[in-house]
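As structure tokens, the structure follows; a few thoughts come after it.
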Amino acid sequence: MGASKGQKLSGMQRQVLSLYRGFLRAARSKPTEDRRQIESIVSAEFRQNSKQVDRKNFLYIEYLLRRGKKQLDQLKSPDTIGLSSCNVSSSKKNAET
């Protein structure tokens with residue numbers, strides 16, 4: 001996802017970046033200690049997925065986007081104070097479609 005200045009991002013790349021920014025914005029509304037934990041978890045999950053998920057596995061990426069949007073909606077709730085990491089293991093992570 002390290003697009004240089006001249007490269008245009010695909011629609012899916014823009015969705016991933018938008019989701020990442022959404023998590024960081026939602027974290028700002030939480031207490032400082034929780035905010036740091038949320039930012040750390042979000043950063044680690046996105047970094048891990050960027051290394052482990054094949055860029056051509058669009059179905060799995062779309063699944064992760066849907067799951068991320070649901071998690072973001074939960075995080076935006078005033079009742080939610082934190083976020084936990086959840087590993088989803090699938091043999092389809094690196095399978096090409």
Side-chain angles (χ1 to χ4, degrees):
M1 300 269 317
S4 65
K5 231 178 182 177
Q7 274 183 320
K8 292 191 176 189
L9 298 175
S10 72
M12 196 169 286
Q13 287 173 321
R14 284 193 301 268
Q15 286 180 320
V16 170
L17 285 174
S18 174
L19 182 63
Y20 182 74
R21 288 188 203 112
F23 272 107
L24 296 181
R25 284 188 194 105
R28 285 189 217 141
S29 68
K30 305 300 176 190
T32 306
E33 187 175 313
D34 296 327
R35 180 182 323 141
R36 289 190 186 121
Q37 179 191 20
I38 291 167
E39 290 170 349
S40 174
I41 291 171
V42 168
S43 176
E45 291 247 348
F46 274 79
R47 188 166 284 122
Q48 178 184 10
N49 284 328
S50 74
K51 292 177 183 175
Q52 291 182 351
V53 176
D54 182 13
R55 291 177 181 223
K56 294 181 181 178
N57 191 347
F58 302 118
L59 290 176
Y60 189 67
I61 295 170
E62 287 172 351
Y63 160 75
L64 289 173
L65 281 167
R66 285 191 308 273
R67 193 179 108 207
K69 287 175 185 174
K70 288 178 184 177
Q71 289 175 330
L72 179 57
D73 288 340
Q74 288 178 334
L75 182 61
K76 287 180 179 179
S77 167
D79 299 331
T80 305
I81 55 170
L83 187 67
S84 64
S85 177
C86 174
N87 291 331
V88 176
S89 46
S90 168
S91 59
K92 296 179 183 177
K93 272 187 184 176
N94 294 318
E96 291 189 27
T97 55

Quick check: do [X] and [Y] have side-chain heavy atoms less than 4.5 Å from each other?
X     : Y     : answer
Val16 : Phe46 : yes
Thr32 : Arg36 : yes
Lys76 : Arg25 : no
Lys69 : Leu72 : no
Gln74 : Lys70 : no

Rounded to the nearest 0.5 Å, what separation is found between the [atom1] atom of [X] and the [atom2] atom of [Y]?
X     : Y     : atom1 : atom2 : result
Lys51 : Asn49 : NZ    : CG    : 11.5 Å
Gln48 : Ser43 : CD    : OG    : 11.5 Å
Gln13 : Lys8  : CD    : NZ    : 13.0 Å
Leu19 : Arg67 : CG    : CZ    : 10.5 Å
Leu17 : Leu9  : CG    : CG    : 6.0 Å

Does the [X] side chain pair with the main chain of [Y], one donor and one acceptor, at a distance under 3.5 Å?
X     : Y     : answer
Ser29 : Ala26 : yes
Lys30 : Gln37 : no
Ser50 : Arg47 : yes

[X] to [Y] - nearest heavy-atom pair and separation:
X     : Y     : value
Phe23 : Gly68 : CZ-O, 3.4 Å
Ala27 : Arg35 : O-CG, 3.3 Å
Ile61 : Asp54 : CD1-O, 3.8 Å

Next item on the list: Give the intermediate values and the outcome of ring-ring contact (aromatic ring centres under 6.0 Å, His included) for residues Tyr60 and Tyr63.
Entry: CA-CA 5 Å; Tyr60 189 67; Tyr63 160 75; 5.8 Å; yes
